[in-house]
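First up is the structure itself, then whatever we jot down about it.
Computation of the quantities below employed the complete heavy-atom set of this structure, encompassing side-chain atoms and omitting hydrogens, waters and symmetry-equivalent molecules. Nothing here was measured: the structure is a model prediction, and the numbers come from that model.
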Amino acid sequence: HSGEVFLSRAKALVQPETTHPKEFRPLLQHLETMLFFLKHTKSECLRLTHSEFQKQSHPLHPVASSCLSWAAQRYAPGLELVQVSDHSNLQDVSAVLEEIRRPSKRSGGDALAHFRDIFYQWALAMQRKFNVLALPHHTQMMTLLAFQRFLELPPSESTPHTLLAQVGTGEGKSMIVAALAIYVVVALGKTAHVVIDDETLLERDFWDFKSLFDSVQIPVRGDPSKTRQVKAVLCVPEERIASMEDEA
């Protein structure tokens with residue numbers, strides 16, 4: 001069934017005569033993502049994710065280890081962003097989207113609160129573009145929560161100034177970076193700079209997540225009753241801008 005859904009959606013994307021061949025590249029770059037959500041959403045195991053993170057905890061700095069432990073406690077089985085089981089109806093997109101936004105009733109507050117709207121908006125964007133229900137990987141949620149904990153720690157001489165994360169191929173680095181940038185802007189009130197050494201990937205990720213960035217609203221400074229749209233800017237060398245204008 002998932003294969004039929006994928007093929008029908010792919011046909012709808014490429015069949016129109018108005019689709020220019022150069023537009024196929026970003027569509028094809030999403031094939032792996034689409035296939036993952038269609039085939040593996042119900043097969044991810046949070047306990048296994050915790051086990052893999054624990055294997056990395058011993059040689060780490062104590063602060064990094066404590067951040068991972070904090071994340072594991074707040075993203076334990078039963079506290080996922082969406083409860084997915086073999087009996088879950090992921091075709092009911094509206095119900096799943098509402099569950100993403102529903103605050104946790106866990107005592108001590110909802111640790112996922114900062115990321116619920118981010119992934120809700122991302123799921124909406126993916127659903128509109130590819131007709132696929134996109135849910136975050138457990139690895140993504142654990143990584144984001146660990147960074148949240150690190151960034152909220154009070155500064156001290158014993159606290160490292162930098163936290164680095166190594167994420168495996170296909171585990172969603174781009175989504176982690178985009179969500180973390182939004183968290184830094186919305187929750188911490190800071191400016192986020194995302195640096196990528198590959199201009200092709202930089203442009204791809206910027207345009208892939210542009211609709212997500214555009215959906216974010218933050219309070220107007222000096223008047224919290226009003227909001228404004230977050231401004232996301234793509235920075236590239238002048239020669240690249242010239243070539244982009246030529247392509248247009």
Side-chain angles (χ1 to χ4, degrees), residues 33 36-37 40-85 99-100 102-120 122 134-198 201 205 209 212:
T33 300
F36 173 85
F37 289 121
H40 303 300
T41 297
K42 290 186 178 182
S43 63
E44 279 201 295
C45 176
L46 182 52
R47 295 185 188 280
L48 179 59
T49 301
H50 284 175
S51 175
E52 290 301 312
F53 271 95
Q54 288 171 1
K55 292 178 182 178
Q56 309 297 322
S57 63
H58 300 296
L60 298 180
H61 189 282
V63 172
S65 295
S66 69
C67 289
L68 285 176
S69 296
W70 184 90
Q73 292 172 6
R74 283 151 184 79
Y75 193 66
L79 299 176
E80 296 93 335
L81 193 69
V82 174
Q83 298 292 314
V84 177
S85 68
E99 185 174 352
I100 292 176
R102 188 180 303 131
S104 171
K105 297 181 180 179
R106 182 180 186 273
S107 60
D110 183 10
L112 307 183
H114 291 303
F115 301 107
R116 287 188 181 280
D117 194 59
I118 295 173
F119 283 110
Y120 171 79
W122 175 239
L135 300 176
H137 303 203
H138 294 321
T139 298
Q140 292 172 318
M141 293 306 304
M142 281 288 294
T143 304
L144 287 167
L145 287 172
F147 270 101
Q148 174 188 336
R149 178 61 172 172
F150 178 79
L151 291 171
E152 293 178 351
L153 288 174
S156 69
E157 294 182 359
S158 61
T159 302
H161 294 173
T162 304
L163 181 64
L164 300 177
Q166 182 177 4
V167 181
T169 302
E171 293 187 318
K173 290 184 286 293
S174 296
M175 183 68 242
I176 292 172
V177 171
L180 187 60
I182 294 173
Y183 162 77
V184 168
V185 172
V186 174
L188 304 183
K190 299 180 181 294
T191 300
H193 297 270
V194 178
V195 181
I196 302 177
D197 63 353
D198 185 317
L201 293 178
D205 288 350
F209 293 103
L212 175 60

Would you mind reporting whether F53 and T49 have side-chain heavy atoms less than 4.5 Å apart?
-> yes
Candidate pair L151 and L180, rule side-chain contact (heavy atoms from CB on, under 4.5 Å), full reasoning | CA-CA 10 Å; L151 291 171; L180 187 60; 4.2 Å; yes
Atom of V177, atom of V194 and distance for their closest heavy-atom approach | CG1-CG1, 3.5 Å
Tell me, do L145 and L112 make a side-chain contact under 4.5 Å, heavy atoms counted?
-> yes
Please check if the side chain of S51 supplies one atom and the backbone of R47 the other of a donor-acceptor pair under 3.5 Å.
-> no
Atom CG in L68, atom CG in L163: separation rounded to 0.5 Å?
-> 8.0 Å
Is there a side-chain contact between H138 and H50 (heavy atoms, below 4.5 Å)?
-> no
Atom pair NE2/CZ of H161 and F150 - distance to nearest 0.5 Å = 8.0 Å
Beyond-backbone contact of V186 with H114, side-chain heavy atoms, under 4.5 angstrom = no
Report the distance from atom CH2 of W70 to atom CD of E152, rounding to the nearest 0.5 Å.
-> 6.0 Å
Q54 side-chain N/O to E52 backbone N/O, donor-acceptor pair under 3.5 Å = no
Go through the structure and list residues passing ring-ring contact (aromatic ring centres under 6.0 Å, His included) with F119, not counting sequence neighbours.
-> none
Minimum heavy-atom distance between R149 and C67, given as atom pair plus value | CG-SG, 3.8 Å
Beyond-backbone contact of D110 with R116, side-chain heavy atoms, under 4.5 angstrom = yes
Mark yes or no for whether H137, through its side chain, and T139, through its backbone, hold a donor-acceptor pair below 3.5 Å.
-> no
Do you know which two heavy atoms are closest between A146 and A71, and how far apart they sit?
-> N-CB, 3.8 Å
Drop me the distance from L153's CG to T159's OG1, to the nearest 0.5 angstrom.
-> 6.0 Å
In this structure, CD1 of I196 is separated from CG of L201 (nearest 0.5 Å) by 6.5 Å
Looking only at heavy atoms, the pair that brings M175 and L212 closest together is CE-CD2, 3.9 Å
Between Y75 and E80, which heavy-atom pair has the shortest distance, and what is it?
-> CE1-CA, 3.6 Å
Mind listing the closest non-hydrogen atom pair of S158 and V63 along with its distance?
-> O-CG2, 4.4 Å
Take I100 and L135, measure what side-chain contact (heavy atoms from CB on, under 4.5 Å) needs, and give me the verdict at the end.
-> CA-CA 9 Å; I100 292 176; L135 300 176; 3.9 Å; yes
